[in-house]
Structures are given as structure tokens and as C-alpha cells.
Amino acid sequence: MEIRPCRAEDVPVLDRHIPAPGAPSRHADRFARQEAGAGTYLLAWRDGVPVGHGQVRWDGCAAPEVRAVLGDCPELNGLDVWPEGLRGQGIGTALVHAAEELVRERGGTALGLGVARDNPRAAALYARLGYEPVVAYTDRWAWTDAAGRTHACADACTFLVRPLAVRGG
């Protein structure tokens with residue numbers, strides 16, 4: 001498996017292999033954020049096919065409840081492994097570790113991430129990796145379908161944080 005930042009030519013491949021609602025696609029939005037320097041969109045590849053992704057948002061979580069407590073603590077956002085049958089094979093763990101390393105390389109001392117309260121499998125993974133709950137919040141997001149209709153979504157979540165040890169120092 002290879003984990004690396006997204007490149008422009010990856011976006012159409014992601015759209016074909018990892019469905020994401022919205023126009024333009026969430027993959028294009030995340031790549032644009034990376035190009036603007038506000039994030040790093042990490043992709044996991046197996047045999048030339050994308051099987052997972054997650055974006056380190058350098059300016060932190062957008063939710064006001066989280067920002068009030070943690071400010072601009074970098075956030076690993078949108079972590080996903082696809083298809084679902086590949087979950088439990090270490091892909092998500094590898095993406096989390098790659099994100100942690102990026103944060104360390106930039107001098108960061110912690111990484112946060114949100115988990116929906118109705119996702120106990122992901123919550124268990126994050127707990128095993130040392131992430132601890134800090135604040136409850138509502139993740140609000142929207143996407144636009146092919147007909148141009150906007151769909152507003154809200155998920156009850158918990159924001160988790162893991163302090164990162166500085167390497168080599």
C-alpha cells in the first residue's frame with residue numbers, strides 16, 4: 001500500500017473509485033484546499049487503485065464548538081476506506097499515522113479528528129490509536145446534487161485529540 005498526497009490527475013480516478021456526493025466532487029474540493037495550502041489530502045493506494053483518503057486541515061476544525069476549545073489544532077477530516085469490505089485491514093490506521101507524521105513534520109504537537117456518535121467502529125479505532133474525547137459538537141455540511149439541489153446535513157459528533165510526541169528531539 002502507498003500513501004501520498006493527492007495530485008491533480010488523481011481527482012478523476014477518485015471520482016470513479018470512491019463515490020462522494022456533490023458537484024464539484026468532494027475530492028475536487030479537498031484537492032483545491034490542498035492547492036491553496038490549507039490542507040494535505042492524503043490518499044491510500046493498493047495495486048494502483050485508491051482505497052482510502054483523509055485530509056489534514058491545517059487551520060483546524062470548522063465547528064465553532066471545537067474551535068472555542070482547541071483553536072486551530074490540525075484536524076484529520078473525512079477519513080474513509082472504500083469499499084467497505086476493505087475496512088479492518090489497516091488502511092485507516094495507516095492514513096492516521098501518515099497524518100500524524102505530517103503534523104509532526106510541521107512542528108505540531110497534537111492532531112484532532114471528529115467521529116460521529118453513531119459510528120462505534122471508528123470510535124474504537126481512534127481509541128486504540130490513543131485519541132481521547134475533548135468536546136461534543138454538531139458537524140454541519142452540505143453538498144449539491146447533479147440537479148443543483150443543495151442538501152444540508154448534520155451529524156452529532158465527538159472531537160477527539162491525540163498529543164503527538166516530537167520525534168528525534
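Computation of the quantities below employed the complete heavy-atom set of this structure, encompassing side-chain atoms and omitting hydrogens, waters and symmetry-equivalent molecules. Just so it is clear, the model here is predicted, and its values are computed rather than measured.
Residues Ala154 and Thr138 come closest through the heavy atom pair CB-CG2, 3.9 Å. When all heavy atoms are compared, the tightest approach of Asp10 to Pro5 is OD2-O, 4.2 Å. The two atoms that bring Phe159 and Cys61 nearest to each other are CE1-CB, 3.7 Å, heavy atoms only. Summarising the geometry of Ala44 relative to Ile91, their closest heavy-atom pair is CB-CG2, 3.8 Å, with the distance given to 0.1 Å. Counting all heavy atoms, side chain and backbone alike, Cys73 lies closest to Gly112 at SG-N, 3.9 Å. Contact detail for Asp139 and Cys157: the closest heavy-atom pair is CB-SG, 3.7 Å.
Atom CZ of Arg106 sits about 6.0 Å away from atom OG1 of Thr40, to the nearest 0.5 Å. Distance CG/Leu95 to CG/Leu43: 8.5 Å, rounded to 0.5 Å. Rounded to the nearest 0.5 angstrom, Arg16 CZ and His27 NE2 are separated by 11.5 Å. To the nearest 0.5 Å, atoms OG1 (Thr158) and CZ (Arg117) are separated by 4.5 Å. For the atom pair Arg30 CZ and Leu14 CG, the distance stands at 10.0 Å (nearest 0.5 Å). Here CG of Asp155 is found 8.5 Å from OH of Tyr137. Values are rounded to the nearest 0.5 Å.
Inter-residue side-chain proximity for Leu129 and His97 is flagged as met; some heavy-atom pair is nearer than 4.5 Å. Side chains of Val13 and Trp45 form a contact here, defined as non-hydrogen atoms less than 4.5 Å apart. Contact of the Tyr126 side chain with the Leu76 side chain is not registered, since no non-hydrogen atoms from C-beta on lie closer than 4.5 Å. The shortest distance between side-chain heavy atoms of Leu164 and Thr109 does not fall below 4.5 Å. For the pair Val11 and Cys6, the minimum side-chain heavy-atom distance is below 4.5 Å.
For Gln55 (side chain) and Gly39 (main-chain N/O), no donor-acceptor pair under 3.5 Å exists by modelled atom type. Here the side chain of Arg104 pairs a donor or acceptor atom with the backbone of Ala165 at under 3.5 angstrom.
In this structure, Val161 is not a member of the same hydrophobic cluster as Val103, with clusters built from ILVMFWY side-chain heavy atoms closer than 4.5 Å. Grouping the Ile, Leu, Val, Met, Phe, Trp and Tyr side chains by contacts below 4.5 angstrom, directly or via other members, places Ile18 apart from Val51. Neither Val49 nor Trp82 shares a network with the other; the hydrophobic side chains, linked directly or stepwise wherever heavy atoms of I, L, V, M, F, W or Y lie under 4.5 Å apart, form separate groups for each. Both Val56 and Leu125 belong to a common hydrophobic cluster when Ile, Leu, Val, Met, Phe, Trp and Tyr are linked at side-chain heavy-atom distances under 4.5 angstrom. Val66 and Leu111 end up in different hydrophobic clusters when Ile, Leu, Val, Met, Phe, Trp and Tyr side chains are linked at under 4.5 Å.
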Could you go through Tyr131 and Val115, starting from their C-alpha distance and side-chain angles, then the distance that decides it, and tell me whether this counts as side chain to side chain contact (heavy atoms under 4.5 Å, CB included)?
CA-CA 11 Å; Tyr131 286 80; Val115 63; over 6 Å; no
Apply side chain to side chain contact (heavy atoms under 4.5 Å, CB included) to residues Asp72 and Trp58 and explain how you reach the verdict.
CA-CA 7 Å; Asp72 59 0; Trp58 297 113; over 6 Å; no
Verdict with reasoning, Arg121 to Asn119, per side chain to side chain contact (heavy atoms under 4.5 Å, CB included)
CA-CA 6 Å; Arg121 186 171 179 180; Asn119 192 347; 4.1 Å; yes
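Counting non-hydrogen atoms of neighbouring residues, nucleotides and ligands closer than 6.0 angstrom, the CD atom of Glu132 reaches no more than 12 such neighbours. Counting heavy-atom neighbours within 6.0 Å of Arg140 CZ, excluding the residue itself, gives a total of 12 or less.
A salt bridge between Arg87 and Asp80 is present, with a side-chain N of the basic residue lying under 4.0 Å from a carboxylate O of the acidic one.
Aromatic ring pairs are classed by plane angle as parallel below 30°, tilted from 30° to 60° and perpendicular above 60°; the pair Tyr41 and His53 is perpendicular.
Results of the salt bridge (charged side-chain N to carboxylate O under 4.0 Å, His left out) test with Glu75 over Arg67, Arg33, Arg57, Arg162 single out Arg57 as the only residue that passes.
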